[in-house]
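Okay, structure first, notes after.
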Protein chains: 2
Amino acid sequence: MPAKPKWERIADEIRTQIESGELAPGAQLPSTAQLRAKYDVSAGVVRQAILVLQTKGLVEGVHGLGVFVTERSSS
Amino acid sequence: MPAKPKWERIADEIRTQIESGELAPGAQLPSTAQLRAKYDVSAGVVRQAILVLQTKGLVEGVHGLGVFVTERSSS
DNA sequence: CTTTATTTGTCCGTATGTATG
DNA sequence: ACATACATACGGACAAATAAA
């Protein structure tokens, strides 16, 4: 078993994309289904990663629409 | 249907106990099984509440030991 | 206005790893 | 060294919301 859980690896990957500017503020993240296929994991893992990012304030999920990057002052 | 999710209600309840000093820093939180019986929910719900509290830094979960209140100066 | 498609949100159950007795 | 108890991780299913036709 990997030292780091799958959901943490995915969360870190997305966070890196946000920090890199690859995912600009206001941009929509790939849907859970897309991420599920991309990382070949179940919905629960993606759900967990998104939830952590939400709690950290990096992204904001809107029910029925999608997950968007929180407008953060470009340091 | 409750306006707030079950896991959020549980998380708020636990947070209140910490702020009230009912759960002192270093004290162990009730096990998932205890909370599960107390709130009559499944382990997943309790796990979600615990995860949020962990991300917020209020508690700290140690694998194979239990969840403990983080040493935080009560204002 | 009703129906359908897409996406997030929540819930339940199971498997694995670690610490304790 | 073995058995038990607890916590975490993974996977899948169900429900609600929004937008478009």
Side-chain angles (χ1 to χ4, degrees), chain A residues 1-19 22-72, chain B residues 1-19 22-72:
Chain A
M1 198 222 301
K4 290 206 174 194
K6 290 183 179 178
W7 65 265
E8 193 168 342
R9 183 184 177 273
I10 297 176
D12 186 72
E13 190 98 351
I14 297 176
R15 189 202 305 180
T16 303
Q17 292 183 16
I18 295 177
E19 302 266 342
E22 195 172 338
L23 284 172
Q28 182 182 11
L29 269 69
S31 57
T32 53
Q34 298 283 55
L35 292 172
R36 184 162 85 100
K38 181 184 174 86
Y39 294 97
D40 194 53
V41 291
S42 74
V45 180
V46 178
R47 187 84 214 48
Q48 203 69 8
I50 298 291
L51 180 66
V52 172
L53 293 173
Q54 271 185 332
T55 312
K56 288 188 177 180
L58 275 83
V59 299
E60 187 175 351
V62 182
H63 198 159
L65 264 180
V67 183
F68 301 88
V69 181
T70 308
E71 272 191 293
R72 217 143 196 226
Chain B
M1 194 228 305
K4 293 206 171 194
K6 290 183 180 179
W7 67 265
E8 192 167 343
R9 182 183 178 274
I10 297 176
D12 186 71
E13 192 94 349
I14 297 176
R15 191 203 301 180
T16 302
Q17 293 183 15
I18 295 176
E19 302 265 345
E22 199 170 342
L23 283 172
Q28 183 183 12
L29 269 68
S31 353
T32 53
Q34 296 284 62
L35 292 172
R36 183 163 92 100
K38 181 184 173 87
Y39 292 97
D40 195 61
V41 290
S42 284
V45 183
V46 177
R47 196 185 142 285
Q48 201 74 356
I50 298 290
L51 179 68
V52 172
L53 293 173
Q54 268 187 332
T55 312
K56 288 187 175 180
L58 274 82
V59 299
E60 186 175 351
V62 183
H63 200 155
L65 263 183
V67 182
F68 300 88
V69 180
T70 308
E71 275 192 313
R72 195 116 199 218

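Model, not experiment: these values are computed from the prediction. Chain identifiers are assigned alphabetically (A, B, ...) following the order of the sequence lines, protein sequences preceding nucleic acid strands; residue numbering begins at 1 within each chain. Worth knowing before you read on, the calculation uses all heavy atoms, side chains too, and leaves out hydrogens, waters and symmetry mates.
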Gap between atoms [atom1] and [atom2], on [X] and [N] respectively (whole Å):
X: A:Arg36; N: D:dA13; atom1: CZ; atom2: C1'; answer: 11 Å
X: A:Gln34; N: C:dT6; atom1: CD; atom2: P; answer: 11 Å
X: A:Leu53; N: C:dG9; atom1: CG; atom2: C1'; answer: 15 Å
X: A:Lys6; N: D:dC10; atom1: NZ; atom2: C1'; answer: 7 Å
X: A:Ile50; N: C:dT7; atom1: CD1; atom2: P; answer: 13 Å
X: B:Leu35; N: D:dC6; atom1: CG; atom2: P; answer: 12 Å
X: A:Phe68; N: C:dG9; atom1: CZ; atom2: P; answer: 11 Å
X: A:Leu65; N: D:dA19; atom1: CG; atom2: P; answer: 5 Å

Taking atom [atom1] of [X] and atom [atom2] of [Y], what is their separation to the nearest 0.5 Å?
X: A:Gln34; Y: A:Leu29; atom1: CD; atom2: CG; result: 11.5 Å
X: A:Leu58; Y: A:Gln17; atom1: CG; atom2: CD; result: 12.5 Å
X: A:Arg47; Y: A:Arg36; atom1: CZ; atom2: CZ; result: 14.0 Å
X: A:Lys6; Y: A:Asp40; atom1: NZ; atom2: CG; result: 7.5 Å

Q.
Can you tell me the base-pairing partner of D:dT18? Count Watson-Crick or G-U wobble geometry only, both distances below 3.5 Å, and say none if there is no partner.
A. C:dA5

Q: Among the candidates C:dT7, D:dC10, D:dG11, find the nucleotide nearest to the side-chain atoms of A:Trp7.
A: D:dC10

Q. Can you tell which of D:dA15, D:dG11, D:dG12 lies closest to the side chain of A:Ala43?
A. D:dG12

Would you tell me if any nitrogen or oxygen in the side chain of [X] comes within less than 4.0 Å of OP1 or OP2 on [N]?
X: A:Thr32; N: C:dT7; result: no
X: A:Lys4; N: D:dA9; result: no
X: A:Gln54; N: C:dT8; result: no

(Q) Between A:Leu51 and A:Gly64, which residue's closest nucleotide on DNA chain C lies nearer the 5′ terminus? (A) A:Gly64

(Q) If you assign A:Pro30 and A:Gly44 each to the DNA chain C nucleotide with the nearest heavy atom, which residue ends up on the more 5' nucleotide? (A) A:Pro30

Q | Given DNA chain D, 5'-ward residue of the pair A:Arg47 and A:Glu8, judged by closest heavy atom | A | A:Glu8

Q.
As a quick check of understanding, evaluate side-chain contact (heavy atoms from CB on, under 4.5 Å) for A:Trp7 and A:Val52, giving each step before the final call.
A. CA-CA 9 Å; A:Trp7 65 265; A:Val52 172; 3.6 Å; yes

